Amino acid sequence: MGLVTNSNMQVDDFPGIWHCRYWFPSNSHTGEDVSEYYVRIEHAADGFVLHSLPNKLEAYIQAHFTTDTNLATGIWLEDTSPHGEFKSMVYSGVFQVIIAEDLKRMVGAWVGVGREVDHPEIYEGRWEIEYASETVDDLPQL
């Protein structure tokens, strides 16, 4: 039984390519923007590592997490695109997602500190990770 949930699920592997999306408060309009990556999730000595595949934006995301039955908890780090609004800024934080029983979807939230010089703020948003494909060949461009 999990420490937080009542699940008995055993998570051993996350094969294939995954579609990772997270939403964050927009700087240019009311509402949210979304960042998207294709990622692989691999075993690490003490959990799992999620890392993005090369993309046209030259941005990168990495996360390290552990699982307790159907709950994944970890830390993330993103190096934003040198071509976009955030100009290669590095952001980091923590996240928790619930893993679906079929092991094909994870849904939860992230938290991180903004880069405001005079008054740093804590930001939060939704985070979803869904199984996309066995290989990158079948996937649409993000």
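Quick caveat, the model's predicted, so the values are computed rather than measured.
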| request: Any chance you could lay out the side chain to side chain contact (heavy atoms under 4.5 Å, CB included) test for E130 and C20, step after step, and finish with the verdict? | output: CA-CA 7 Å; E130 294 182 278; C20 176; over 6 Å; no
| message | Can you confirm whether N27 sits close enough to E85 that some side-chain heavy atom of one is under 4.5 Å from a side-chain heavy atom of the other? | response | yes
| query | When the aromatic ring centroids of H43 and F48 are compared, is their separation below 6.0 Å? | reply | yes
| query | At their closest point, which heavy atom of I99 faces which heavy atom of M9, and how far apart are they? | reply | O-CE, 3.4 Å
| task | Evaluate the side-chain proximity of F24 to S35: yes if any heavy-atom separation is below 4.5 Å, no if none is. | result | yes
| field | Side chain to side chain, V39 and L53, heavy atoms closer than 4.5 Å | value | no
| said: So that I can tick it off, tell me whether E128 and R105 are bridged by a salt bridge, with the cut-off set at under 4.0 angstrom between side-chain N and carboxylate O. | reply: yes
| How close do A59 and N55 get, heavy atom to heavy atom, and via which atoms? | O-ND2, 2.9 Å
| field | Given W23, F95, W110, Y37, the one that forms ring-ring contact (aromatic ring centres under 6.0 Å, His included) with W127 | value | F95
| Do the non-hydrogen side-chain atoms of Q141 and K56 ever get within less than 4.5 Å of each other? | yes
| L50 versus I41: any side-chain heavy-atom pair under 4.5 Å? | yes
| remark: Distance col, row N70:CG vs Q10:CD, nearest 0.5 angstrom, shows 11.5 Å
| Residue pair Y131, D102: steps toward the side chain to side chain contact (heavy atoms under 4.5 Å, CB included) verdict | CA-CA 10 Å; Y131 178 80; D102 65 0; over 6 Å; no
| query | What heavy-atom pair brings L142 and H19 nearest, and what distance separates the two atoms? | reply | CD2-NE2, 3.7 Å
| task | Could you tell me the separation between the CD atom of E36 and the CD1 atom of I61, rounded to the nearest 0.5 Å? | result | 11.5 Å
| request: Measure the acute angle between the ring planes of W18 and F14, then classify it against the limits of 30° and 60° as parallel, tilted or perpendicular. | output: perpendicular
| field | Minimal non-hydrogen separation, T66 against D46, with atom names | value | CG2-O, 3.1 Å
| Does the side chain of Y38 come within less than 4.5 Å of P54's, by heavy atoms? | no
| How long is the span from the CG atom in L57 to the NE2 atom in H83, to the nearest 0.5 Å? | 7.5 Å
| query | Strictly by modelled atom types, are S81 and E58 linked by a side-chain donor-acceptor pair under 3.5 Å? | reply | no
Output a table of donor-acceptor pairs, distance under 3.5 Å, between side-chain atoms of residues 117-126 and any protein atom two or more places apart or on a different chain; print 'none' if there are none.
from : atom 1 : to   : atom 2 : distance (Å)
Y123 : OH     : E116 : OE2    : 2.3
R126 : NH2    : E32  : OE1    : 3.2

| task | Output yes when a side-chain donor or acceptor of D68 lies under 3.5 Å from a complementary backbone atom of A72, and no otherwise. | result | no
| said: So which atom in V11 and which in L103 form the shortest heavy-atom distance, rounded to 0.1 Å? | reply: CG2-CD2, 4.0 Å
| Under 3.5 Å, side chain of S26 to main-chain N/O of D33, donor-acceptor pair present? | no
| said: Quick one, L71 with I98, criterion side chain to side chain contact (heavy atoms under 4.5 Å, CB included). Give me CA distance, side-chain angles, the key distance, then yes/no. | reply: CA-CA 5 Å; L71 183 68; I98 295 174; 4.1 Å; yes
| message | To the closest 0.5 Å, what do you measure between OG (S88) and CG (D79)? | response | 5.5 Å
| query | What pair of heavy atoms forms the shortest contact from E78 to W76, and how long is it? | reply | N-CE3, 3.9 Å
| task | Kindly determine whether V97 and V107 satisfy side chain to side chain contact (heavy atoms under 4.5 Å, CB included), including the steps that lead there. | result | CA-CA 5 Å; V97 292; V107 176; 5.9 Å; no
| request: Kindly write out the residues that satisfy side chain to side chain donor-acceptor pair (under 3.5 Å) with Y91, not counting sequence neighbours, or none if the list is empty. | output: none
